Amino acid sequence: MTTPADSGGRPAALPLLRGQKALVTGANSGIGLATAIALGRAGADVVVNYVFGREAAEDVVSKIQSFGVRAFAHEADVSDEGQIVGMFARMMEEFGTIDVLVANAGLQRDAALTDMTVEQWHKVIDVNLTGQFLCAREAAKEFLRRGVVPEVSRSAGKIVCMSSVHQIIPWSGHVNYAASKGGVLMLMQTLAQELGPHGIRVNAVAPGAIRTPINRSAWDTPEAEQELLKLIPYRRVGDPEDIADAVTVLASDLMDYVVGATLYVDGGMTLFPGFATGG
Ligand code: NAP
């Protein structure tokens with residue numbers, strides 16, 4: 001497996017996922033984009049899901065194909081049951097099966113509680129939580145049908161839920177988002193408990209502050225970045241590749257005994273940084 005120059009200067013990953021088939025939702029931007037590329041670099045064939053940005057998704061496909069693996073882009077709204085069933089049907093046709101689902105797609109519709117519309121509430125819950133449920137359900141059907149293929153992986157399938165530090169940190173002005181990620185925590189743990197006996201591993205990655213379009217206003221001026229850094233003991237804003245690498249290892253057999261866990265990739269944001277000098 002070669003590592004083209006566009007690998008962002010990161011060390012060449014071992015082909016940890018050689019021969020595996022992966023699907024990443026929201027893979028045309030930010031964390032999902034970096035994750036789809038990392039999985040391809042690790043040897044997986046990858047479905048690049050997107051909802052609006054077709055051109056960006058096709059760019060991701062080209063990058064993944066440059067690693068000598070297969071990839072295609074598929075437009076589907078993760079909150080639409082018919083579109084998700086259709087996306088998995090196409091993946092079965094083209095790749096034959098699925099080994100790794102990264103349920104990553106997500107968005108924010110921020111407002112103070114008293115200004116938040118029910119549409120803003122539903123949109124965020126539908127995409128961030130129902131979208132993960134639908135994708136996990138369809139992936140699990142195939143994992144259960146196929147079972148373990150020892151030459152491919154020790155596990156019958158892996159689901160990585162993209163959560164957030166806000167699955168445990170309350171967030172004023174973002175009640176829809178925090179509730180959706182709190183829901184992802186219990187979705188992930190319940191699925192891990194339900195599917196574990198079938199050899200399926202379900203886990204989550206919980207990013208802290210990562211430099212992507214979803215949170216641009218939190219880091220795109222020096223003043224905003226300084227404020228943000230106060231919340232991060234490690235004193236740097238994360239890059240999408242920090243999350244992509246964590247997902248790749250978590251989905252691989254190196255982590256085969258990790259079940260129902262959340263891997264916080266947050267520079268220490270969940271360490272109550274306000275207590276570093278007081279309390
Ligand atoms: P991003 O750059 O805005 O990417 C969001 C992705 O989700 C885009 O690819 C978008 O596709 C896709 N998406 C949105 N609605 C969708 C839908 N209905 N169906 C399918 N795809 C949809 O944001 P990001 O930071 O990479 O976020 C990715 C995940 O990480 C989210 O779950 C987010 O909550 C989580 N996260 C991010 C941070 C952070 O600091 N950035 C921290 C914690 C957790 P289109 O571009 O086509 O709309």
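Note that this is a predicted model, so its numbers are computed, not measured. Every number for a ligand or one of its atoms is a count from 1 in the order of the listing.
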Engineer: Which of the listed options, Asn49, Val265, Val51, holds the heavy atom that is closest to atom 48 (O) of ligand 1?
Structural biologist: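 Nearest heavy atom to atom 48 (O) of ligand 1 lies in Val51.
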Engineer: Is any N or O atom of Gly53, backbone or side chain, closer than 3.5 Å to an N or O atom of ligand 1?
Structural biologist: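 There is such a contact, yes.
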Engineer: Name the closest protein heavy atom to atom 33 (C) of ligand 1, giving the residue it belongs to and the distance to 0.1 Å.
Structural biologist: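 Heavy-atom neighbour on the protein nearest atom 33 (C) of ligand 1: Tyr177 OH, 3.5 Å.
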Engineer: For Leu107 and ligand 1, does the shortest N/O to N/O distance drop below 3.5 Å?
Structural biologist: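 No, no N or O pair falls under 3.5 Å.
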Engineer: So, regarding Tyr50 and ligand 1 (criterion: nitrogen or oxygen to nitrogen or oxygen, under 3.5 Å), is there a contact or not?
Structural biologist: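 In this structure, Tyr50 places no N or O atom under 3.5 Å from an N or O of ligand 1.
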Engineer: Looking at atom 24 (P) of ligand 1, what's its closest protein heavy atom, distance included?
Structural biologist: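 Among all protein heavy atoms, the one nearest atom 24 (P) of ligand 1 is Thr212 OG1, 3.5 Å.
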Engineer: Counting both backbone and side chain atoms, is some N or O of Ser29 under 3.5 Å from an N or O of ligand 1?
Structural biologist: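 Checking ligand 1 against Ser29, an N or O pair does fall under 3.5 Å apart.
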Engineer: Would you indicate which of Ser163, Pro240, Ser164, Gly238 comes nearest to atom 35 (C) of ligand 1 when only heavy atoms are counted?
Structural biologist: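 Answer by nearest heavy atom: Ser163.
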Engineer: State, without any angle test, whether Ser155 and Arg201 hold a side-chain donor-acceptor pair at a distance under 3.5 Å.
Structural biologist: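 On atom types as modelled, these side chains do not qualify, holding no pair under 3.5 Å.
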Engineer: Report the nearest protein non-hydrogen atom to atom 43 (C) of ligand 1: residue, atom name, distance rounded to 0.1 Å.
Structural biologist: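 Answer for atom 43 (C) of ligand 1: Pro207 O, 3.4 Å.
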Engineer: Report yes or no: does Lys181 have a heavy atom closer than 4.0 Å to ligand 1?
Structural biologist: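 Yes.
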Engineer: Considering only protein heavy atoms, which is closest to atom 5 (C) of ligand 1, and at what distance to one decimal place?
Structural biologist: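 Going by distance alone, atom 5 (C) of ligand 1 is nearest to Gly106 O, 3.5 Å.
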